[in-house]
Every structure is written in C-alpha cells, then in structure tokens.
Amino acid sequence: MRHDLETTINLAVRELFDTEAAVILTHPEEQFGDYATNVSLQLAGKLGQPPRVIAEALAVRLREAAPEHIRDVVIAGPGFINVTLTDAALLRSLTAPANQSWAGKVVVAEYSDPNPFKVLHAGHLYTSIIGDGVANLLEHAGAIVHRVNFGGDVGLHVGKTLWAIVQKLGGEHPEKLIDVAPSERSEWMAEAYVAGTLAYEDDAVAKARIVELNKQVYAIQTAQDRVSPLAQIYWTCRGWSYDYFDAFYARIGTKFEKYYPESATAPIGLKTVTEQLARGVYEHSDGAVIFDGDKYGLHKRVFINSQGLPTYEAKDVGLIMLKWEEYHFDSSVIITGNDIIEYMKVVLKSVEQFMPQLPARTTHLTHGIVKLAGGTKMSSRKGNILRAVDVLDAAAKANQAVTGTEDERVTLGAVKYAFLKQRTGGDIIYSPTESVSLEGNSGPYLQYAHARARSILRKAMAEETAADSSLAVELEADERTFVRKMGEYNEVIDKAVAELLPHLVCTYLYELAQTFNRFYEHNRVLDDPRRALRLRLVAAYAARLHEGLGLLGMYAPEKM
RNA sequence: GUACCCGUAGCUCAGCUGGAUAGAGCGUCGGCUUGCGGAGCCGAAGGUCGUAGGUUCAAAUCCUAUCGGGUACACCA
C-alpha cells in the first residue's frame with residue numbers, strides 16, 4: 001500500500017512538474033491521517049512555486065488515483081499532504097504477507113565468538129542475543145542464514161590458562177583432571193586463566209614458559225598430537241570449554257551451525273597472508289608480517305608475528321576465506337563489540353586488495369558493553385569482569401524478588417528484551433529489577449500482553465458458534481486506531497531488516513501493546529455486538545506479538 | 001597525538017534518509033476501580049536536545065569548531 005502510494009506520487013510529480021523527487025511516506029500523528037509526505041515542500045524551492053499550490057495539484061491526482069484505498073487527501077500546515085485510507089484498505093493491510101526482501105540469499109551470521117579456555121562474560125551474552133535477533137530478522141525476510149561462531153582454541157590466552165593448569169596439577173599430569181568435577185570445570189578454568197594472566201604480567205620466568213606453551217599448542221594442533229601429556233591436557237580442557245559453551249547456548253536458546261576454532265582458520269590464514277605477502281599486499285617489518293593500513297587512513301597491524309605464528313589478524317583472514325569457500329555467501333554479517341571497529345577495518349581493507357568481493361559483502365555490526373545498573377562488587381580473583389551467568393543470575397534473583405516467580409523463560413525474555421530494546425551500538429546499563437518488571441517497557445510486559453490476548457481468544461473459542469468473518473465494516477474510532485497501529489507491523493519489520501536493528505521491533509511491539517491496552521480499557525470484546533470483528537482484531541494482535549517476540553528470541557506464553 | 005563512537009526530562013532510553021506542539025518507561029503528584037486477565041487506563045509536573053557558529057523556507061537530525069565521556073592505534077584476542 002505504502003509503496004503503491006509512493007509510486008503514484010512519484011509519477012504525478014514527473015507528469016505535473018517534469019522533475020524527480022524522493023517521495024517518502026511517513027506515519028504522521030493520527031489526527032493528520034495515515035500517511036503524510038512533504039514532497040511539495042522539497043519541490044517548492046526547486047520549482048519556484050508555493051508549496052501549498054504544488055501540494056494541491058498532487059492531492060487532486062491522489063484522490064483520483066485510488067478511490068478504493070484513499071478516503072481523503074488534505075493539505076495541512078506549510079504544505080504537507082496528508083492521506084487517510086479507507087477502512088477497507090486499512091483492514092486489508094492486516095493480511096499483507098511479509099516482505100521477502102532477502103529471499104534465497106545466503107547469509108553467514110557470525111557472533112558470540114567466545115574463546116575456549118576463558119570464561120563467558122556479559123558481552124558474550126549481549127552479542128549472542130543481538131546476533132540471534134539479527135539472524136531471526138534476516139530469516140524472516142527469506143534469507144538462508146548460517147549461524148557460526150569463531151573462537152580462539154590457540155593463542156596466547158591458551159598458553160596462559162595451560163600454564164596455570166599445569167601448576168594446579170603439579171606438572172603435566174592429565175590423569176589428575178578427573179579430580180575436577182564436571183560442574184566445576186568452567187570455573188576451574190576461568191581461575192586458571194586469571195592466574196596465568198597475572199603470572200604473565202608479573203613473573204618473567206612464567207612469561208617465558210607461557211610463550212613457549214603457546215608455540216607448543218600450535219605444534220600440538222599441527223601434528224594432531226593427542227598422546228603427549230600436554231596434548232591430553234589441552235584437548236581435554238578444550239573439550240570442557242566447548243561443553244560449557246553448548247550448555248550456555250542451550251540455556252539462552254541459541255543454536256550455532258558450527259564453531260570455527262582458530263586452529264582451523266590459522267593455517268589458511270597463514271597461507272593466504274604468505275601468498276599475498278609475495279604479491280606485495282602484506283609486507284615485512286621488524287621480523288613480522290604486517291599490513292600497512294596507514295596508506296588507507298587506517299593503521300598498521302601485525303598479521304604474522306616474528307616467531308612465524310599467525311596473529312588474530314591472519315586467523316580472521318583465514319576465517320573470511322573459509323566462510324567464502326564453504327558458503328559462497330551473498331552477505332556476511334559479523335557482530336562484535338565496538339572495540340574492534342578499527343581493527344576490523346584494517347583486516348577487511350587488506351582482504352580487499354586480493355578478494356574485493358568479500359569485504360564488499362561484509363557488514364560489521366558492533367555494539368557496546370553491558371554494565372550493571374548501580375555497579376557490582378566483583379572479585380579480582382574472578383578476573384574482575386561481569387560474567388554471563390552473573391547477569392542471568394541477577395535477572396533470576398530480581399524476578400524472584402519482584403514477581404515471586406521462577407519461570408526461566410520469562411527471566412530470559414526479560415534479559416533479551418532489556419538488551420535488545422536499545423539501539424545497537426552504544427553501551428547499555430542493565431537493570432535486573434527494571435527488566436523483570438511487569439510494568440513499563442519490559443519483556444514480561446509484552447509476554448503478559450500476549451498471554452492476555454490469548455486468554456480472550458481462548459474464552460471466545462470455547463463459546464464460539466459461527467463467527468462472521470466479513471471485514472467489510474466501518475471502523476469505530478478506537479478500532480481504527482488499533483488497526484492503524486497493527487498495519488504498521490510489516491513496515492517496521494522491513495525497516496528492522498534493512499537496517500539490522502532489532503530494537504525497532506521492540507519499540508513497535510511496546511507501542512502496539514499500549515495501543516491495544518487503551519482500546520481494551522474502553523471497549524468490550526466478547527459481550528459486544530461488534531464481537532466478531534473485534535475478535536479478529538485481537539487474533540491479529542496476538543499473532544503479531546507472537547511473531548514479533550519470536551523475532552527477538554523470546555517466548556510468547558499462553559498463560560503466565 | 002591521530003582516528004572512531006557517544007552527550008535529548010531527576011534516571012534509563014526512543015526520535016537522527018532535515019519538516020507540523022521533541023516522545024516513552026521508571027520515579028514524583030493527582031484521578032479511575034463491584035471489570036472479557038487493573039500486571040491496566042486517564043491526567044499533571046519535568047527538556048536552552050553538551051556549547052558556539054554555519055547551511056536551509058525549516059536543524060535534536062546535516063557541516064565546522066569546542067567542551068565532556070568512552071574506545072582503538074605492531075607482534076594479545
């Protein structure tokens with residue numbers, strides 16, 4: 001509908017004034033109409049005519065163009081053209097199918113990216129929730145989305161953790177690992193990482209040993225050594241990490257198609273960088289291989305260090321190559337924290353020199369960090385970071401305190417909504433109490449709104465005889481407001497998809513629920529002569545909430 | 001030092017492809033309440049949109065400068 005109207009106006013502008021205009025229809029305040037455009041204001045200067053005169057000429061055309069859709073066209077203010085749709089047109093918008101703007105496109109969505117041998121922190125939770133939201137939106141628009149996860153099973157952090165593990169075991173004694181209870185493994189390794197990091201900073205001997213361990217890990221990977229004591233420790237603990245990740249993702253309802261461990265991307269990264277070194281893309285500098293981003297207004301970065309080991313940069317190059325080999329994607333979306341924005345520009349710029357189509361198809365979406373409202377007391381023994389479980393536990397605790405319930409699906413919905421409702425990009429301050437509240441702009445508020453709508457429909461179903469499904473009716477004012485809001489659904493989703501911004505869905509769903517609550521407060525549904533129509537509206541509303549919450553990765557309860 | 005991001009109501013945030021009186025939630029104050037799920041609804045107070053210039057018929061939105069906060073800038077990831 002919207003697109004048709006825009007086309008009509010564009011055509012009219014061309015015929016009447018022999019010029020082009022960027023016609024964008026917006027939703028003005030309801031008192032003005034259903035759609036509005038300011039083309040006449042844009043054209044006034046160019047054409048040297050008063051905006052209201054231009055608007056009037058266009059309005060005449062619009063009135064003639066689609067009388068079955070348009071009830072009224074009026075000029076207002078400095079020259080806005082306000083269009084009011086017929087009730088029938090408005091009701092038809094409720095059944096419009098979703099726009100399949102990504103139909104058949106192959107998308108690789110990479111997000112979460114935790115490192116084995118390290119703890120999952122709040123940022124991993126945040127990035128996973130955003131990644132899921134974005135992936136869901138793309139899928140909704142018809143894309144074939146491959147959700148993948150990248151993480152460092154080799155690298156200095158592994159050396160640090162391994163060093164401390166060997167200390168804890170009193171030497172390279174893999175047989176002693178059975179003493180660590182399964183439930184304590186992740187915590188045990190997290191402590192080892194912190195201890196290793198401290199030793200690396202404070203103890204020169206330990207540092208040298210950690211550097212050596214790092215090289216040994218690469219050697220273990222290259223040789224696929226599974227028998228030496230160190231290798232046994234490495235593989236066992238690496239497995240523990242992936243078990244821990246899987247359990248965590250299962251808990252938050254995320255499912256990855258595959259993990260790309262750095263050990264798998266390092267060889268192809270090393271090979272690619274070495275090949276391109278010969279072609280002059282990368283260059284030698286102080287014994288290392290770098291890419292000189294200075295030439296492009298960026299900065300220099302090391303891709304292969306002076307020990308011949310690939311850094312994160314080369315591994316990322318390898319990852320891009322592997323994704324391309326395996327998926328031949330139309331689009332690659334990488335979701336990370338915004339601390340690596342500049343880093344990623346350098347990596348992509350380097351790849352652009354030999355595979356320009358890959359960066360061209362890549363979008364790097366970034367977000368800020370999660371802070372707990374009011375701050376938190378954190379133990380340095382645990383690495384002084386906010387862990388993912390800390391956030392989930394805080395939410396569960398708040399939910400228990402505020403609502404007295406313990407439904408993990410509601411708690412999780414509260415966290416997801418709290419993270420997603422803000423525009424992706426900046427830091428977020430997470431308030432557990434606010435997130436679980438049933439009042440205000442929260443996940444549980446929307447989940448409750450859904451349960452309430454479903455409850456009405458359930459009750460109706462039980463009593464239903466023969467519902468009149470005709471929608472050829474005049475809408476009452478309150479009904480019209482409600483329908484008008486529901487009609488925006490597809491447009492909002494389209495925009496969220498186009499801009500990869502899940503928060504647009506949150507904002508809309510909340511406004512929709514508010515609109516319904518106002519309607520419901522002042523109108524009866526079941527024991528009313530307009531029951532048949534209103535039940536259909538409630539059904540359409542519940543369906544939108546259900547689908548919208550699904551896009552956000554949230555559970556839409558029948559009762560709560 | 002250089003680059004990038006952010007500064008909107010007491011707090012947390014929308015709005016930023018320039019447009020009609022700058023919106024919402026929380027908090028504060030006041031009203032509705034024998035009710036299809038009141039976990040709601042109605043209303044009030046609260047803003048020099050960091051500051052100063054500029055572009056424009058029109059700027060929270062674009063440009064420049066500046067202040068404040070954050071992040072990144074070679075062998076970590």
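Just so it is clear, the model here is predicted, and its values are computed rather than measured. Proteins get letters first, then strands, A, B, ... in listed order; numbering begins at 1 in each.
In the set B/rA20, B/rG19, B/rC26, B/rA20 carries the atom at the smallest distance from any side-chain atom of A/Asn82. Residue A/Ala36 places its side chain closer to B/rA20 than to any other of B/rG15, B/rA20, B/rG40. In the set B/rC76, B/rA14, B/rG37, B/rG37 carries the atom at the smallest distance from any side-chain atom of A/Lys459. Here the side chain of A/Glu262 is nearest to one of B/rA77, B/rA20, B/rG40, namely B/rA77. When distances are taken from the side chain of A/Arg518 to each of B/rC42, B/rC36, B/rA72, the shortest belongs to B/rC42. For A/Tyr343, counting side-chain heavy atoms from C-beta on, the closest listed nucleotide (B/rG25, B/rG40, B/rA77) is B/rA77. Checking B/rA20, B/rA39, B/rU17 against every side-chain atom of A/Tyr448, the shortest atom distance belongs to B/rA39. Nearest nucleotide to the side chain of A/Gln514, out of B/rA39, B/rA24, B/rU21: B/rA24. The side chain of A/Gln422 has B/rU12 as its nearest neighbour among B/rU21, B/rA20, B/rU12. Comparing B/rA77, B/rC26, B/rU12 against the side chain of A/Ile429 picks out B/rU12 as the nearest.
At a threshold of 4.0 angstrom between heavy atoms, the contacts of A/Tyr445 are confined to the sugar-phosphate backbone, with no base atom among them. Contact annotation for A/Leu156: backbone-only contact, meaning every heavy-atom pair under 4.0 Å involves sugar-phosphate atoms and none involves a base. Within the nucleic acid shown, A/Gly155 comes within 4.0 Å of sugar-phosphate atoms alone, with no base atom in reach, counting heavy atoms only. Using a 4.0 Å heavy-atom cutoff across all strands shown, A/Glu342 reaches sugar-phosphate atoms only and no base atom. Heavy atoms of A/Ser285 sit under 4.0 angstrom from at least one base atom. Residue A/Glu558 is in base contact, counting any heavy-atom pair closer than 4.0 Å across all strands shown. Within the nucleic acid shown, A/Ala76 comes within 4.0 Å of at least one base atom, counting heavy atoms only. A/Ala451 comes within 4.0 angstrom of a base, heavy atoms only. Here A/Pro444 lies out of heavy-atom contact (under 4.0 Å) with every strand. Base contact: A/Ile340 has a heavy atom under 4.0 Å from a base atom. Looking at heavy-atom distances under 4.0 Å, A/Asn441 makes contact with sugar-phosphate atoms alone, never a base. A/Lys118 comes within 4.0 angstrom of nothing in the nucleic acid, heavy atoms only. When heavy atoms are screened at a 4.0 angstrom cut-off, A/Leu298 is found touching no nucleic acid atom at all. Residue-level contact check: A/Ser306 touches the bases, meaning some heavy atom is under 4.0 Å from a base atom.
If A/Pro310 and A/Ile290 are placed on RNA chain B by their nearest nucleotide, the residue sitting closer to the 5' end is A/Ile290. For the pair A/Gly440 and A/Asn517, both in contact range of RNA chain B, the more 5′-proximal nearest nucleotide belongs to A/Gly440.
Dashed line: the shortest gap from a side-chain N or O of A/Lys345 to OP1 or OP2 of B/rC4 is not under 4.0 Å. Residue A/Arg458 places none of its side-chain N or O atoms closer than 4.0 Å to OP1 or OP2 of B/rG37. Contact between the side-chain N/O atoms of A/His503 and the OP1/OP2 oxygens of B/rG15 is found at a separation under 4.0 Å. Between A/Arg531 and B/rC36 there is no side-chain polar atom (N or O) within less than 4.0 angstrom of OP1 or OP2. A close approach under 4.0 Å does occur between a side-chain nitrogen or oxygen of A/Arg301 and OP1 or OP2 of B/rC73.
Separation of the C1' atoms belonging to B/rU8 and B/rG50 is 10 Å when rounded to the nearest angstrom. Comparing the C1' positions of B/rU2 and B/rU12 gives an interatomic distance of 33 Å, to the nearest angstrom. Between the C1' atoms of B/rA58 and B/rC11, the separation comes to 33 Å (whole Å). Nucleotides B/rU48 and B/rG1 are separated by 34 Å at their C1' atoms, to the nearest Å. Taking atom C1' in both B/rU55 and B/rG18, one finds a spacing of 11 Å when rounded to whole Å. Straight-line distance between the P atoms of B/rC73 and B/rG15: roughly 29 Å, to the nearest whole Å. Annotation: B/rA9 and B/rA45 have their C1' atoms spaced 11 Å apart (nearest Å). Between B/rA22 and B/rG47, the distance separating the two P atoms is 13 Å to the nearest Å.
In this model, a side-chain donor or acceptor of A/Asn38 finds a partner on the base of B/rG19 within 3.5 Å. The base of B/rA39 lies outside donor-acceptor range of the side chain of A/Ser437, with no N or O pair under 3.5 Å. Contact annotation: side chain of A/Gln31 to base of B/rU21, donor-acceptor pair present below 3.5 Å.
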Quiz item: Does the side-chain contact (heavy atoms from CB on, under 4.5 Å) test come out yes or no for A/Thr403 and A/Val410, once each step is laid out?
Solution: CA-CA 11 Å; A/Thr403 67; A/Val410 173; over 6 Å; no

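The base-pairing partner of B/rU66, taking Watson-Crick or G-U wobble contacts with both distances under 3.5 Å, is B/rG50. Nucleotide B/rG1: paired with B/rC73 (Watson-Crick or G-U wobble, both distances less than 3.5 Å). Searching all strands for a Watson-Crick or G-U wobble partner of B/rU56 with both distances below 3.5 Å returns nothing. With a 3.5 Å ceiling on both atom-pair distances, B/rU17 lacks any Watson-Crick or G-U wobble partner. Nucleotide B/rG37 is matched to nothing when pairs are restricted to Watson-Crick or G-U wobble geometry with both distances under 3.5 angstrom. Nucleotide B/rG30 forms a pair with B/rC42, judged by Watson-Crick or G-U wobble geometry with both contacts under 3.5 Å. Nucleotide B/rU12 is matched to B/rA24 when pairs are restricted to Watson-Crick or G-U wobble geometry with both distances under 3.5 angstrom.
A perpendicular orientation is assigned to the rings of A/Phe482 and A/Tyr541, their planes being inclined by more than 60° (bins at 30° and 60°).
Judged purely by atom type and a 3.5 angstrom limit, A/Asp153 uses its side chain to pair as donor or acceptor with the backbone of A/Glu262. Put simply, the side chain of A/Asp292 never gets that close to the backbone of A/Lys300: no donor and acceptor are under 3.5 Å apart.
Between A/Asp478 atom CG and B/rG40 atom C1' there is a gap of 15 Å when expressed in whole angstrom units.
Counting only N and O atoms by type, the side chains of A/Asn523 and A/Glu479 include no donor and acceptor under 3.5 Å apart.
Side-chain atoms of A/Thr19 and A/Leu43, non-hydrogen and from C-beta on, do get closer than 4.5 Å to each other. Side-chain contact between A/Lys416 and A/Leu552 is absent, with no heavy atoms from C-beta onward closer than 4.5 Å.
For the ring pair (Phe, Tyr, Trp, His ring centres under 6.0 Å) criterion with A/Phe117, the lone passing option out of A/Tyr244, A/Tyr193, A/Tyr234 is A/Tyr234.
No aromatic stack links A/Tyr510 and the base of B/rA24, using centre distance under 5.5 Å and interplanar angle under 30°. Remark: ring of A/Tyr312 not stacked against base of B/rC76; the cut-offs of centroid gap under 5.5 Å and plane tilt under 30° are not jointly satisfied. With centroids closer than 5.5 Å and planes inclined by less than 30 degrees as the test, A/Phe80 and the base of B/rA20 pass as a stacked pair.
The environment of CD in A/Gln31 is crowded: more than 12 heavy-atom neighbours from other residues, nucleotides or ligands sit within 6.0 Å.
Between A/Phe245 and A/Tyr242, the distance separating the two ring centers is shorter than 6.0 angstrom.
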